[in-house]
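Below is one structure, written out as structure tokens, with a few remarks after it.
What's counted below: heavy atoms across the whole structure, side chains too, no hydrogens, waters or symmetry copies.
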Amino acid sequence: MKENRLTYGLKNVHYAPFEIGADGIPVFEKPMKYPGAVEITNDAKGDATEFFADDTTYFVTVSNQGYEGAYTAAETPEDFRIKVLGETLINGLLVEKTSAKIKPVALLFEFDGDVKATRHALLNVTFNRPGFGSKTKESSIEPNTKELSYIAAPLNELTKISTSGVTPEEIYNNWFEEVQYEAMTTTIPTP
């Protein structure tokens, strides 16, 4: 299959909370849509270490500690605030408690491409709480956005997965139906 020469855009952002099973394998919930995607950024996290010998750089190693990122969306959905950020619905009020436990999620999204959309999944994302605010309306309305920063840490030595030009159609088509963890940990013959 022909590869993308470029990617652009952002859409189909989904999140899937998970628990680690007794066997150490994550059990992901069905991915849920996080609408209103505006921007996503992911900066590699990890350091290069140099070892010097014989008056030169003798050996270099780079650690992969995942990514530090931010997701900007039109609004933070109520179900995300409850399921992931640990807020509670009490008497019709959304309550944020200092004792709330933030739940890790897999974060799935896609970028359009000149051939086919590239789909990505960060497997172990922990979000920070979003800030909030607004400003006065002027002659035109400028919608507010919400930015959530996060850390995407490795999960059982897996950091990120993405589709490629040879991703089987079944995996590609089911990307947002279930987290493809099993496909990442088993060998699938290349078509």
Side-chain angles (χ1 to χ4, degrees), residues 1 3-4 6-21 24-46 64-87 101-130 145-188:
M1 176 174 203
E3 292 181 30
N4 284 329
L6 55 92
T7 59
Y8 54 91
L10 170 65
K11 64 183 176 184
N12 283 328
V13 175
H14 287 68
Y15 64 95
F18 68 90
E19 300 281 342
I20 301 296
I25 304 298
V27 178
F28 294 93
E29 293 182 23
K30 181 177 173 48
M32 293 166 270
K33 191 154 179 70
Y34 192 130
V38 175
E39 181 178 11
I40 195 164
T41 59
N42 290 289
D43 296 321
K45 194 172 179 238
N64 182 340
Q65 297 301 317
Y67 295 89
E68 289 181 315
Y71 174 52
T72 304
E75 187 57 77
T76 308
E78 207 169 271
D79 62 342
F80 181 88
R81 297 181 78 90
I82 294 167
K83 284 186 154 290
V84 178
L85 299 180
E87 295 184 17
K101 303 286 187 234
I102 294 179
K103 191 167 188 152
V105 301
L107 184 64
L108 299 87
F109 50 93
E110 78 177 9
F111 304 150
D112 277 329
D114 60 314
V115 175
K116 189 174 189 177
T118 302
R119 295 176 170 174
H120 302 275
L122 297 170
L123 299 175
N124 185 13
V125 173
T126 303
F127 283 95
N128 283 316
R129 297 174 304 122
T145 58
K146 298 287 190 289
E147 180 181 282
L148 291 105
S149 62
Y150 59 82
I151 300 288
L155 176 65
N156 295 339
E157 295 191 23
L158 302 171
T159 303
K160 170 181 80 79
I161 58 168
S162 303
T163 58
S164 71
V166 294
T167 299
E169 285 298 314
E170 180 181 350
I171 291 174
Y172 187 87
N173 293 338
N174 289 320
W175 196 262
F176 301 109
E177 297 300 315
E178 64 179 314
V179 176
Q180 300 297 320
Y181 186 83
E182 187 176 322
M184 293 179 287
T185 57
T186 57
T187 304
I188 296 174

*Run through N4, D112, T7 and flag the one making a side-chain hydrogen bond (donor to acceptor under 3.5 Å, both in side chains) with T118.*
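It is N4, the one option of N4, D112, T7 that forms the side-chain hydrogen bond (donor to acceptor under 3.5 Å, both in side chains) with T118.
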
Residue pair [X] / [Y]: nearest heavy atoms and the distance that separates them:
X    : Y    : result
N42  : F109 : ND2-CZ, 4.1 Å
Y34  : A73  : CE2-CB, 3.6 Å
L85  : N128 : CD2-O, 4.3 Å
P104 : N124 : CB-OD1, 3.6 Å
A117 : T163 : O-OG1, 4.0 Å
L10  : V38  : CD2-C, 4.1 Å

_Before you tell me yes or no, could you show the steps for K116 and E169 under salt bridge (Lys or Arg N to Asp or Glu O under 4.0 Å), namely the whole-Å CA-CA distance, both residues' side-chain angles and the distance that decides it to 0.1 Å?_
CA-CA 12 Å; K116 189 174 189 177; E169 285 298 314; 2.8 Å; yes

Using modelled atom types and a 3.5 Å cut-off, is there a donor and acceptor pairing between side-chain atoms of [X] and backbone atoms of [Y]?
X    : Y    : value
Q180 : E178 : yes
N64  : G46  : no
R81  : T76  : no
D114 : L6   : yes

*Could you tell me whether R119 and E177 have a side-chain N and a carboxylate O separated by less than 4.0 Å?*
no

Between atom [atom1] of [X] and atom [atom2] of [Y], what is the distance when rounded to the nearest 0.5 Å?
X    : Y    : atom1 : atom2 : value
W175 : L108 : CH2   : CG    : 7.0 Å
I82  : E87  : CD1   : CD    : 8.0 Å
K45  : E68  : NZ    : CD    : 5.5 Å
I40  : E147 : CD1   : CD    : 11.0 Å
S162 : E110 : OG    : CD    : 12.0 Å
I161 : L122 : CD1   : CG    : 9.5 Å

*Step by step, would you call F18 with K103 a side chain to side chain contact (heavy atoms under 4.5 Å, CB included)?*
CA-CA 8 Å; F18 68 90; K103 191 167 188 152; over 6 Å; no

With the side chain counted from C-beta on, respond yes when [X] and [Y] share a heavy-atom pair under 4.5 Å apart, and no when they do not.
X   : Y    : value
E29 : E19  : no
F80 : L148 : yes
E75 : P35  : no

*Just say parallel, tilted or perpendicular for the rings of F111 and H120, cut-offs at 30° and 60°.*
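Tilted, since the angle between the ring planes falls between 30° and 60°.
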
*Please work out whether the ring planes of Y181 and F28 are parallel, tilted or perpendicular, with thresholds of 30° and 60°.*
tilted

*Are K33 and N12 close enough, and set up right, to give a side chain to side chain contact (heavy atoms under 4.5 Å, CB included), and what steps lead you there?*
CA-CA 7 Å; K33 191 154 179 70; N12 283 328; 3.4 Å; yes

*Could you go step by step and tell me if V13 and L107 meet the side chain to side chain contact (heavy atoms under 4.5 Å, CB included) rule?*
CA-CA 7 Å; V13 175; L107 184 64; 3.9 Å; yes

*Would you kindly check if the NZ (Lys) or CZ (Arg) of K30 is within the cone defined by 45 degrees around the ring axis of F176 and under 6.0 Å from the six-membered ring centre?*
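Not flagged: K30 not positioned over aromatic ring of F176.
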
*Go through the steps for L123 and V179 under the test side chain to side chain contact (heavy atoms under 4.5 Å, CB included), then give the verdict.*
CA-CA 8 Å; L123 299 175; V179 176; 4.1 Å; yes

